[in-house]
Protein chains: 2
Amino acid sequence: MQKQIHGRPYEERNNKPHFTPCAPNAVLARLGDKWTILVMSHLALAPGHRLRFSELKNGIDGITQRMLTLTLRNLERDGLLERDYFPEVPPRVEYHLTEMGASMLPALEGFTSWIRNNWPNIEACRARYDQRNA
Amino acid sequence: MQKQIHGRPYEERNNKPHFTPCAPNAVLARLGDKWTILVMSHLALAPGHRLRFSELKNGIDGITQRMLTLTLRNLERDGLLERDYFPEVPPRVEYHLTEMGASMLPALEGFTSWIRNNWPNIEACRARYDQRNA
DNA sequence: CTGAATCCGCAAAGATACTG
DNA sequence: CAGTATCTTTGCGGATTCAG
């Protein structure tokens, strides 16, 4: 396992940590985790790209409070969304995409359109592969 | 035609989007794993989109034989590359992108260009976030 | 309502040794 | 050269409980 600090991989060179720049994998790893795309998609569709915690929780089937919180924290840390806390009773917390977060949507959509077009073929390839190795 | 965003079909339930488990996460999860992007990038740059096992192994820093084999098997299963075995002595195995695999490169490049443009900002956001929570 | 704090199981990933 | 087999370790994600 490669050493990591703050989610960033690095290697030891001459007893000193040397960071290896690997941005694409870092971003894709986040998007590829179990819940991030679902959170981003919900915010993409929401009016003002804004939803409160409970709306996300209820809208994403099967997600636990813990995983939703962790996913939101990571996206907030990356600057893709912002957290708005309203000290009411009961408390209310809203999340909205930042400008950078919203700017990612077209690029992401462009890539996922490839997936949309090729997914049936991928599934067919998997089925054939699994059949050959049965 | 079913409603979709980011390649993910969804249906309206109580005026809210409800996503059905599907393709984009499956593909992004594969691309986002530790080695897949590196393998795809090396093949993208290679003449004829073709490299032998040892070239990939030597070109990808830190990858183990086991993980390279697993990564290649998964990509082969999805139909993104093909394995060519030459029964020589010593044996030689080459991997090359399929037509579908090559067709993914422009879309992927379009998305990763966003990453390149925004990566410095993401890093700055992370640094600020970590500083605030120190 | 929106989290944080623990504990735990399981699958993924690394290390190492062996093989056609 | 290009894998497979086995063992060990790591870390994600789920379940549950507590708190502001």
Side-chain angles (χ1 to χ4, degrees), chain A residues 1-12 20 22 25-26 28-39 42-43 50-77 81-96 129 133, chain B residues 21 25-26 28-39 42-43 50-77 81-96 129 132-133:
Chain A
M1 185 59 125
Q2 197 172 14
K3 294 186 181 180
Q4 287 197 355
I5 183 171
H6 296 154
R8 174 157 190 183
Y10 70 96
E11 39 183 77
E12 304 259 345
T20 77
C22 64
N25 183 67
L28 285 169
R30 172 130 325 287
L31 290 173
D33 77 3
K34 196 168 178 184
W35 302 110
T36 299
I37 285 287
L38 286 170
V39 169
H42 274 264
L43 284 171
R50 169 180 294 273
L51 288 172
R52 56 185 298 181
F53 185 88
S54 53
E55 289 176 313
L56 286 165
K57 170 118 175 48
N58 294 327
I60 301 176
D61 207 49
I63 196 171
T64 61
Q65 254 180 4
R66 170 186 153 82
M67 292 317 295
L68 179 55
T69 298
L70 288 178
T71 303
L72 290 168
R73 286 296 167 279
N74 283 322
L75 289 172
E76 184 191 5
R77 177 170 180 262
L81 56 77
E82 270 173 3
R83 178 178 186 271
D84 304 310
Y85 173 74
F86 301 91
E88 308 166 355
V89 183
R92 173 168 57 103
V93 178
E94 292 183 357
Y95 295 88
H96 71 275
Y129 183 93
N133 301 49
Chain B
N25 184 66
L28 286 169
R30 171 128 327 285
L31 291 172
D33 77 5
K34 197 169 178 183
W35 302 110
T36 300
I37 283 287
L38 288 169
V39 169
H42 276 261
L43 284 171
R50 170 179 295 271
L51 288 172
R52 54 186 298 180
F53 185 87
S54 52
E55 292 176 311
L56 285 165
K57 170 124 177 45
N58 295 328
I60 300 176
D61 205 51
I63 197 171
T64 61
Q65 249 178 8
R66 171 186 153 80
M67 290 317 295
L68 179 55
T69 299
L70 287 177
T71 303
L72 290 167
R73 286 296 167 279
N74 282 322
L75 288 172
E76 184 190 4
R77 177 169 181 264
L81 56 77
E82 270 173 3
R83 178 178 185 270
D84 304 309
Y85 174 74
F86 301 91
E88 309 167 354
V89 182
R92 174 168 56 101
V93 178
E94 292 182 356
Y95 294 89
H96 71 275
Y129 183 93
R132 275 198 304 269
N133 302 50

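Because only heavy atoms are used, hydrogens play no part in the values below, and waters and symmetry mates are left out as well, while side chains stay in. Numbers restart at 1 for each chain; the letters A, B, ... are given by sequence-line order, proteins then strands.
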Rounded distance (Å) that lies between atom [atom2] of [N] and atom [atom1] of [X]:
X: B:R92; N: D:dG3; atom1: CZ; atom2: P; answer: 13 Å
X: A:R83; N: C:dA4; atom1: CZ; atom2: C1'; answer: 12 Å
X: B:L72; N: C:dA13; atom1: CG; atom2: P; answer: 14 Å
X: B:E88; N: D:dG3; atom1: CD; atom2: C1'; answer: 16 Å
X: B:D33; N: D:dC12; atom1: CG; atom2: P; answer: 14 Å
X: B:N58; N: D:dG3; atom1: CG; atom2: C1'; answer: 15 Å

Distance-minimising heavy-atom pair for [X] and [Y]:
X: A:H42; Y: A:L51; answer: O-CD1, 3.8 Å
X: A:K34; Y: B:N25; answer: O-OD1, 4.1 Å
X: B:K57; Y: B:I63; answer: NZ-O, 3.5 Å
X: A:D61; Y: A:W35; answer: O-CZ3, 3.8 Å

Practice task
Check every atom of C:dC1, D:dC1, C:dT2 against the side chain of A:P90 and return the nucleotide holding the closest atom.
Solution key: C:dC1

Exercise for the section: Could you work out which one of C:dT2, D:dG13, D:dA2 sits closest to the side chain of A:V93? Expected result: C:dT2

Exercise for the section: Remember a base hit wins even if backbone is also touched, and classify B:Y95 as base, sugar-phosphate or nothing at under 4.0 Å, heavy atoms. Expected result: sugar-phosphate

Practice task
Estimate the overall bend of the helix from C:dC1-D:dG20 to C:dG20-D:dC1 from the end axes over five pairs each, rounded to 10 degrees.
Solution key: 50°

Completion exercise
In B/S/- notation (B base, S sugar-phosphate only, - none; protein heavy atoms under 4.0 Å), nucleotides 14-20 of chain D written 5' to 3' is BB----B

Practice task
With side chain to side chain contact (heavy atoms under 4.5 Å, CB included) as the test, would you mind laying out the steps for A:Y85 and A:E94 before giving the verdict?
Solution key: CA-CA 7 Å; A:Y85 173 74; A:E94 292 183 357; over 6 Å; no

Handout entry: From A:R50, A:R52, A:R83, residue fulfilling side-chain hydrogen bond (donor to acceptor under 3.5 Å, both in side chains) relative to A:H96
Key = A:R50

Handout entry: Under 4.0 angstrom between A:R73 side-chain N/O and C:dG3 OP1 or OP2
Key = yes

Exercise for the section: Flag the pair B:Y95 / B:E82 as yes when at least one side-chain heavy-atom distance between them is below 4.5 Å, and no otherwise. Expected result: no

Handout entry: Intermediate values then yes/no, side chain to side chain contact (heavy atoms under 4.5 Å, CB included), B:T36 and B:D33
Key = CA-CA 6 Å; B:T36 300; B:D33 77 5; 2.6 Å; yes

Practice task
Please report the C-alpha distance between B:F53 and B:L72 in whole Å, then the side-chain angles of each, then the deciding distance to 0.1 Å, and finally whether the side chain to side chain contact (heavy atoms under 4.5 Å, CB included) criterion is met.
Solution key: CA-CA 9 Å; B:F53 185 87; B:L72 290 167; 3.9 Å; yes

